[in-house]
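Read through the structure below, which is laid out as structure tokens, and then see the notes.
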Amino acid sequence: QVQLVESGGGLVPAGGSLRLSCAASGRTFSMYAMGWFRQAPGKEREFVAVISWSGRSTYYTDSVKGRFTISRDNAKNTVYLQMNSLKPEDTAVYYCAVGPAWVIATTKEAFGSWGQGTQVTVSS
């Protein structure tokens with residue numbers, strides 16, 4: 001069983017930046033793809049970004065390309081999401097999740113353990 005703890009959320013003005021962190025424990029972290037998802041009030045949880053087990057491959061949803069960067073430090077069992085040029089429509093609870101071993105995926109059904117989420121609010 002893996003435990004995930006997200007941190008780094010907060011309230012920022014439009015155009016600002018935040019860096020989310022997700023610390024994992026309880027499993028061989030480096031084997032698994034790691035993803036970030038978000039859920040706004042009244043909406044479905046949606047894919048934001050994923051990084052492969054090695055960190056060599058990353059994918060982003062179109063709305064965040066060029067603004068968000070996902071990275072990982074396998075030595076620290078931590079995955080990050082650097083969010084720049086934030087927009088009010090980025091406001092949501094952000095979740096990290098453990099993906100499949102050795103391959104990459106972008107659908108939430110492919111992800112197993114989830115963190116508790118961290119709130120990101122972007123004011124206009």
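Quick note: residue numbers are just sequence positions, from 1.
Counting only residues at least two apart or in different chains, disulfide (SG to SG under 2.5 Å) contacts with residues 29-64 are absent. Pairs of residues two or more places apart, or lying in two chains, never qualify as salt bridge (Lys or Arg N to Asp or Glu O under 4.0 Å) while including a residue from residues 12-26. Residue pairs meeting the side chain to side chain donor-acceptor pair (under 3.5 Å) criterion with at least one member in residues 39-49, sequence neighbours excluded: R38-E46, Q39-R45. Sorted pairs that involve residues 29-88 and meet disulfide (SG to SG under 2.5 Å), not counting sequence neighbours, are lacking altogether. Here ring-ring contact (aromatic ring centres under 6.0 Å, His included) pairs that include residues 2-23, with residues two or more places apart or in two chains, number zero. Residue pairs that meet the salt bridge (Lys or Arg N to Asp or Glu O under 4.0 Å) test with at least one member in residues 66-78, sequence neighbours left out, are R67-D90. Identified under the disulfide (SG to SG under 2.5 Å) test for residues 40-88, with sequence neighbours left out: none.
Between F68 and T61, the closest side-chain pair of non-hydrogen atoms is not below 4.5 Å. Annotation: side chain of T91 is in contact with side chain of Q119 (closest heavy-atom distance under 4.5 Å).
Taking Y60 as the reference, nothing meets the ring-ring contact (aromatic ring centres under 6.0 Å, His included) condition, with sequence neighbours excluded. Applying the ring-ring contact (aromatic ring centres under 6.0 Å, His included) criterion to Y94, with sequence neighbours excluded, gives no partner residue. Considering only residues two or more places apart in sequence or on other chains, S54 meets the side chain to side chain donor-acceptor pair (under 3.5 Å) condition with S52.
Remark: the backbone N or O of A23 is not paired with any side-chain donor or acceptor of T78 at under 3.5 angstrom.
A40 and A92 make their closest contact through N-CB, 3.8 Å (heavy atoms, listed as atom of the first residue, atom of the second, distance). Between S123 and P13, the closest heavy-atom pair is OG-CA, 3.3 Å. Among all heavy-atom pairs drawn from W53 and S30, the shortest one is CB-O, 3.2 Å. The two residues Q116 and V5 make their nearest non-hydrogen contact at OE1-CA, 3.8 Å.
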Notebook entry, point to check: Given the rule in the ring pair (Phe, Tyr, Trp, His ring centres under 6.0 Å) test, do F37 and W114 qualify, once you have shown the distances and angles that lead to the verdict?
Noted result: CA-CA 10 Å; F37 292 76; W114 294 80; 4.9 Å; yes
Item checked: Stepwise side-chain contact (heavy atoms from CB on, under 4.5 Å) test for V2 and Y32 -> CA-CA 11 Å; V2 64; Y32 298 91; over 6 Å; no
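Linking Ile, Leu, Val, Met, Phe, Trp and Tyr whenever their side-chain heavy atoms come within less than 4.5 Å leaves V93 and V48 in two separate clusters. Clustering ILVMFWY residues whenever any of their side-chain heavy atoms sit less than 4.5 angstrom apart, transitively, puts F47 in a cluster other than the one holding I70. Hydrophobic cluster membership is shared by V122 and W36, with clusters built from Ile, Leu, Val, Met, Phe, Trp and Tyr side chains linked at under 4.5 angstrom.
Separation of atoms CE (M34) and OG (S71) is listed at 11.5 Å; rounding is to 0.5 Å.
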Just list the side-chain donor-acceptor pairs under 3.5 Å for residues 96-109, sequence neighbours left out, or say none.
none

Report, one line per pair, each donor and acceptor closer than 3.5 Å where one atom sits in a side chain of residues 80-87; sequence neighbours left out.
residue: Q82; atom: NE2; partner: N84; partner atom: OD1; Å: 2.9
residue: N84; atom: OD1; partner: S17; partner atom: OG; Å: 2.9

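The one candidate from N74, I51, L4 that meets the side-chain contact (heavy atoms from CB on, under 4.5 Å) condition with V79 is I51.
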